[in-house]
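Ligands are counted one by one from 1 in listed order, and the atoms in each one are counted from 1 as well. In this chain, residues are counted from 1 in sequence order.
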Amino acid sequence: MKRRLWLCALALLLAGCAGEEGVIDRGGYKVDTRRQAQAAYPRVKVLVIHYTADDFDTSLATLTDKHVSSHYLIPATPPLEGGKPLIWQLVPERELAWHAGASFWRGASRINDTSIGIELENRGWIKVNGAKQFVPFNPPQIAVLTDLARDIIARYDIKPQNVVAHADIAPQRKDDPGPLFPWQQLAAQGVGAWPEASRVAFYLNGRDPYSPVDTALLLDALERYGYPVTPDMTPAQQKRVIQAFQMHFRPALWSGVADAQSLAIAEALLEKYGQG
Ligand SMILES: [Zn+2]
C-alpha cells in the first residue's frame, strides 16, 4: 500500500495521477494514453449485500483473514467519528474480494469478479420452534449503507437489477441478508430494484395473492429475471430459489411456495428491468 501511494505521488508530480492523460513517464518507460478505447467498461457491475451472521470483532477477524473478504463491513451500530458514522473498508474497490463464492446472476457466474461486496454485522437467524427467526437491522446501519450504496452505484453506473442479495446469486447456500433487509425502503432511495405496485396489481388480475400457481411458471420467470435456475433442480432446490426471491421482493411470506403474487411481482420486474 505504501509503495502504491508513493508511486501515485510520483506520477502526480510527473503527469497527474487522476486522469492519466497524455504521455506518462513511468520511470523506465513511457505510456501514451492519448487514444482511449470506446469499448472499455468498469469491472464492477454488481453490488452484493450480505450479513456476517456474527458479532463485529469476529466478523472483522474473519474478513481480514486469508480465506474470505469483502470490500466493506458496516457495524450493527456504526460508531461516530467527528459526528459521522464510521464503516470499515477492507479491500480497495478496484480489487477483487472473496465474498460471493460460487454464484450466478443474469447470465454471469463468478460474481466476485464483477462485484463489490458489503457485509452488514448482523447475527442472521436463530431457530425458534423449528423456524428461522431473523434479527432486524438497526436504522443507523441501514442509513450509512444507503449512503455507501448510492456512492458505489453512481461511481460504476450499477443497474437497479444488479443490486442483489447474496441469497439471490447463491440461493442453494445462502439466506443473507434475509427477509428483514429493507429492500423496498432502499429502492425508494435509489438503491436496487422494486416493482411498481400498479403493475403487480395488473398481473395479479384480481386473484388471491397467496393462491397457488404452477411452480414451473414462476421458476421460468425467475430464470428470465436472472436467478440461477437449472432444469435438473430437485423440488427442495426449486424451493430455495423461490424463497430467495420472496425474501427480497415479497418478505411478508417466504415459504418457497409458488403463488400468484410472487408470479405477478416477477412479471412486473421483468417488464420494468428486462430479462437477465
Ligand atoms: Zn453472504
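The Zn ion (ligand 1) has His50 ND1, His166 ND1, Asp176 OD2 as protein N, O or S atoms under 2.8 Å away.
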Quiz item: Could you walk me through whether Asp32 and Arg34 pass the salt bridge (Lys or Arg N to Asp or Glu O under 4.0 Å) check?
Solution: CA-CA 6 Å; Asp32 186 337; Arg34 288 172 296 182; 2.8 Å; yes
Quiz item: Taking it one step at a time, do Asp54 and Thr52 satisfy side-chain hydrogen bond (donor to acceptor under 3.5 Å, both in side chains)?
Solution: CA-CA 5 Å; Asp54 237 321; Thr52 61; over 6 Å; no
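Trp183 pairs by the ring pair (Phe, Tyr, Trp, His ring centres under 6.0 Å) definition with Phe181, His248, not counting sequence neighbours.
With hydrogens and angles ignored, the 3.5 Å screen pairs a side-chain donor or acceptor of His166 with a backbone N or O of Ala100.
Between Phe134 and Tyr51, the two ring planes are tilted [angle within 30° to 60°].
For the pair Arg26 and Tyr29, the cation does not sit on the ring face, since its NZ or CZ is not both under 6.0 Å from the ring centre and inside 45° of the axis.
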